[in-house]
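Since this is a predicted model, take the numbers as computed values, not measurements. Per chain, numbering begins at 1; letters A, B, ... match sequence-line order.
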Amino acid sequence: MGGNSLLNLLLCDKGHLTKPSNPATAKAVTTTILNHLDSGRLRKAVSILFYAPFPFHFSLYARLFQLCSSTGSRAIVEARKVESHLFTFSPTPPVFLVNRAIEAFAKCGSLGDARELFEEMPQRDGGSWNALITACSQSGSPEEAFRLFVKMSRSGFLPNEITFASVLGSCAAVLALSLSRQVHGLIVKYGFGGNVVIGSSLVDIYGKCLIMDDARKIFDEIKNPNDISWNIIVRRYLEMGEGEEAIVMFFQMFKAAVRPLKFTFSNALVACSSISALDEGIQIHGVAIKMGFDDDEIVSSSLIDMYAKCGDLESASAIFDQPNSKDVISWTSIVSGYAMSGQTWKARELFDEMPERNVISWNAMLAGYTRYSQWEEAVDFLFLMRNTTNNIDQVTLGLILKVCAGLLDVELGKQVHGFIYRHGFSSSMFVGNGLLHMYSKCGKMRSAKTVWFHQISHWQDRVSSNALLSSYAHRGRSELAMTIFCEMQW
DNA sequence: ATAGGGTTAG
C-alpha cells in the first residue's frame with residue numbers, strides 16, 4: 001500500500017480532487033460505468049473508474065472486484081486498478097471490501113497480492129481469514145492454508161462453514177488421512193456436519209483415500225445431497241472399481257429428484273462401460289434424451305464412448321453421425337472402439353479422416369495394433385507417428401514397449417529404456433510395467449529384476465509384482481518367485 | 001452485504 005498512501009498524501013492537499021465538484025458528476029459516471037458492466041465491458045468500466053478523481057459507492061467497488069475474478073476474465077490488471085483507486089480515495093475502506101479485494105487477487109492467480117493486502121489490513125474479521133485461507137487452498141498452497149487455519153483460531157476467530165470448506169479443499173489436495181480425520185472431528189464438534197458442501201467434501205476425501213465405507217456413511221448423513229454431492233459419490237464408486245454401485249447411486253439420484261450434472265451422466269456411463277453394462281447404458285441414454293442432455297457435447301461423447309466400449313459400434317456411430325457431436329474426444333472414442341474390437345482397418349480409416357488429432361488419438365490407434373498383435377502395422381504406425389507428431393507421453397512409451405515385447409526386440413527395447421530414462425518418464429507406473437513386461441518377455445530376467453527393484457518396488461503395485469512373479473513362475477523359477485514375493489511382502 | 005465442494009477420450 002506504500003504507493004497508495006503516497007498518492008493519498010499528495011491528493012489530500014488538493015481538496016477539490018477528493019470530491020466531485022458537482023455531485024451529479026459522480027452519479028453520471030457511475031451510470032456510465034454500470035452501463036459498460038451490463039454490456040460486459042469490464043476493462044472500459046475500470047478504466048473510467050481509474051481516471052475519475054473522486055470516490056465511488058462501496059458497492060460499486062465490490063461489484064468490480066467480483067467481476068475481475070469471475071470465471072473467464074481473471075483480470076489481474078483491472079483488479080489492481082480498482083484496488084488502487086479504492087485506497088486512494090477511501091484510505092480506510094470497510095473490512096468487507098478489502099476481503100473482496102483479497103478474493104479477487106487470489107482468483108486472478110496472484111496469491112502474493114492477496115497475502116500482502118491481508119497483512120497490511122489494520123483490522124480483520126473472520127471473512128478476511130477465510131478469504132486468505134481459501135486463496136491458499138485454491139492456489140496450491142495447502143500447507144499454508146493449514147498454518148493460517150491454526151493461526152486464525154489462535155487469534156480468536158472461530159472457524160465457520162466457509163473456513164472448513166476451504167480447509168477440506170486443502171485436505172483433498174494433500175490427501176492426508178489422519179489430518180482429514182482431525183478436521184472432520186472439529187467439524188462435528190462445531191456442529192457443521194450437516195452442511196451439504198462440507199459433507200460432500202468429506203465424502204470426496206474419504207473416497208479418494210479409498211475408504212468407501214466411511215465415505216458412504218457420511219453421504220447418507222447429508223440431509224439433502226445436491227447435484228455435486230451425487231456427482232462425487234458416483235465418481236468415487238467408479239474410481240474404486242465399483243461400477244455397479246456407481247450405477248445404482250446414479251439411479252437413486254432420480255428418486256431423490258435431483259437433476260444430474262452432465263459430468264454425472266458421463267461418470268455413470270463410464271461406470272457402465274467398466275462393467276460392460278450395456279442395458280443400463282441404454283437406460284441412461286433414454287434418461288439423457290428425456291432430460292434434454294443428449295445434445296450436450298460431454299454427454300454425447302460419453303454415450304459414444306459407452307456404446308463403443310460395450311461393443312455396440314452401430315449405436316456409437318449413430319450418435320457420432322449426428323450434427324455437432326464430432327469433436328476430438330468423440331472421434332477418439334469411435335476410433336478406439338473399432339481398434340479395440342479388432343477392426344483395426346476400419347479404425348485406421350477413421351483415424352486418417354480425423355480433422356484433428358492429439359496424443360490420445362494416436363495412442364488409441366496404437367493400442368489397437370498392439371492388442372491384436374499386429375506388430376508390422378504397429379511399427380509402420382510408429383514411423384508415421386514419429387514423422388507427424390512430437391507429442392509422446394507415458395502411454396505411448398508403454399505401448400512402444402509392448403511392441404518391443406511382441407517383436408522380442410530387446411535391442412529396440414533398450415533404446416526405448418534409454419529414452420525413458422533421459423526424458424524422465426521412469427516414474428510412470430505405465431512405463432515401469434511396460435519395461436518389466438518387455439524384459440521378462442524377452443527373457444532378460446536380470447534386467448527385469450533390476451527395473452523392478454530400482455523403480456517399481458516402492459509403488460507396491462500389484463500389476464508389476466504380478467508381471468514379474470508370473471514370468472518367473474512361467475520359466476520354472478518358482479523358488480526365485482517365492483523369494484521375490486517375500487521381499488515384496490516386506 | 002459475501003465467502004465453500006465436483007470434471008467427458010488411451
Side-chain angles (χ1 to χ4, degrees), chain A residues 57-59 61-63 65-66 69 94-104 106-107 125-135 137-138 159-172 192 195-205 207-208 222 225-236 238-239 260-270 273 293 296-306 308-309 325 327-337 339-340 354 357-368 370-371 393-396 398-399 430:
Chain A
H57 198 269
F58 290 140
S59 63
Y61 292 102
R63 176 140 181 235
F65 280 133
Q66 271 167 342
S69 58
V95 178
F96 89 89
L97 205 45
V98 185
N99 295 351
R100 290 298 83 75
I102 293 174
E103 285 153 19
K107 286 201 178 129
D125 63 9
S128 321
W129 287 93
N130 287 345
L132 194 62
I133 291 175
T134 307
S137 108
Q138 288 178 348
N160 66 3
E161 283 113 316
I162 309 293
T163 321
F164 281 116
S166 296
V167 172
L168 285 175
S170 297
C171 289
F192 296 133
N195 180 298
V196 199
V197 176
I198 289 179
S200 308
S201 300
L202 285 169
V203 173
D204 188 45
I205 292 167
K208 281 179 178 159
I222 302 176
N226 62 16
D227 47 6
I228 299 183
S229 326
W230 284 102
N231 187 51
I232 294 172
I233 193 86
V234 170
R235 175 82 195 184
R236 296 282 84 89
L238 168 65
E239 283 182 354
L261 298 166
K262 52 188 176 178
F263 293 114
T264 317
F265 269 104
S266 51
N267 288 329
L269 288 165
V270 173
S273 26
F293 273 98
D296 179 272
E297 268 184 348
I298 291 177
V299 174
S300 77
S301 61
S302 304
L303 280 166
I304 292 170
D305 193 58
M306 181 277 295
K309 288 214 176 79
S325 52
D327 59 2
V328 203
I329 295 178
S330 52
W331 267 102
T332 305
S333 289
I334 236 43
V335 166
S336 169
M340 296 314 261
M354 283 180 82
R357 307 177 189 94
N358 57 26
V359 209
I360 301 179
S361 331
W362 285 92
N363 290 345
M365 193 59 235
L366 187 56
T370 55
R371 172 178 234 188
D393 69 1
Q394 72 279 9
V395 179
T396 322
L399 290 167
F430 210 86

Gap separating the CD atom of Glu161(A) from the CZ atom of Phe192(A), nearest 0.5 angstrom
4.5 Å

Value rounded to 0.5 Å, distance of OG in Ser361(A) from CD1 in Ile334(A)
13.0 Å

Across the strands shown, which category fits [X] at heavy-atom distances under 4.0 angstrom: base, sugar-phosphate, nothing?
| X | value |
| --- | --- |
| Thr163(A) | nothing |
| Asp393(A) | base |
| Val270(A) | sugar-phosphate |
| Asn130(A) | base |
| Asp305(A) | sugar-phosphate |
| Ser301(A) | base |
| Ala367(A) | sugar-phosphate |

Using atom [atom1] of [X] as one end and atom [atom2] of [N] as the other, report the distance to the nearest whole Å.
| X | N | atom1 | atom2 | value |
| --- | --- | --- | --- | --- |
| Asn267(A) | dT8(B) | CG | P | 6 Å |
| Ile198(A) | dA3(B) | CD1 | C1' | 12 Å |
| Arg100(A) | dT2(B) | CZ | C1' | 4 Å |
| Trp230(A) | dT7(B) | CH2 | P | 17 Å |
| Phe164(A) | dG5(B) | CZ | P | 15 Å |
| Glu239(A) | dT7(B) | CD | C1' | 10 Å |
| Ile360(A) | dA9(B) | CD1 | C1' | 5 Å |
| Phe96(A) | dT2(B) | CZ | P | 9 Å |

Candidate nucleotides dA3(B), dG4(B), dG5(B), ranked by approach to the side chain of Asn160(A) - the nearest:
dA3(B)

Nearest-neighbour nucleotide for the Val328(A) side chain, dG6(B), dA3(B), dA9(B) considered:
dA9(B)

Is there a side-chain polar atom (N or O) of [X] under 4.0 Å from OP1 or OP2 of [N]?
| X | N | value |
| --- | --- | --- |
| Arg236(A) | dT7(B) | yes |
| Gln138(A) | dG5(B) | yes |
| Arg357(A) | dA9(B) | no |
| Lys107(A) | dG4(B) | yes |

What about [X]: does its side chain form a donor-acceptor pair under 3.5 Å with the base of [N]?
| X | N | answer |
| --- | --- | --- |
| Asp227(A) | dG6(B) | no |
| Asn358(A) | dA9(B) | yes |
| Ser200(A) | dG5(B) | yes |
| Asn226(A) | dG5(B) | yes |

Name the residue from Ile232(A), Ile233(A), Asn195(A) that meets the side chain to side chain contact (heavy atoms under 4.5 Å, CB included) definition with Ser200(A).
Ile232(A)

Kindly write out the residues that satisfy side chain to side chain contact (heavy atoms under 4.5 Å, CB included) with Ser137(A), not counting sequence neighbours, or none if the list is empty.
Ala145(A), Ser166(A), Ser170(A)

Go through it in stages, so that I can follow the logic: the residues are Arg357(A) and Trp362(A), the test is side-chain contact (heavy atoms from CB on, under 4.5 Å), and I'd like the CA-CA distance, side-chain angles, deciding distance and then a yes or no.
CA-CA 7 Å; Arg357(A) 307 177 189 94; Trp362(A) 285 92; 3.9 Å; yes

Please determine if Glu103(A) and Lys107(A) form a salt bridge, counting it only when a charged side-chain N lies under 4.0 Å from a carboxylate O.
no

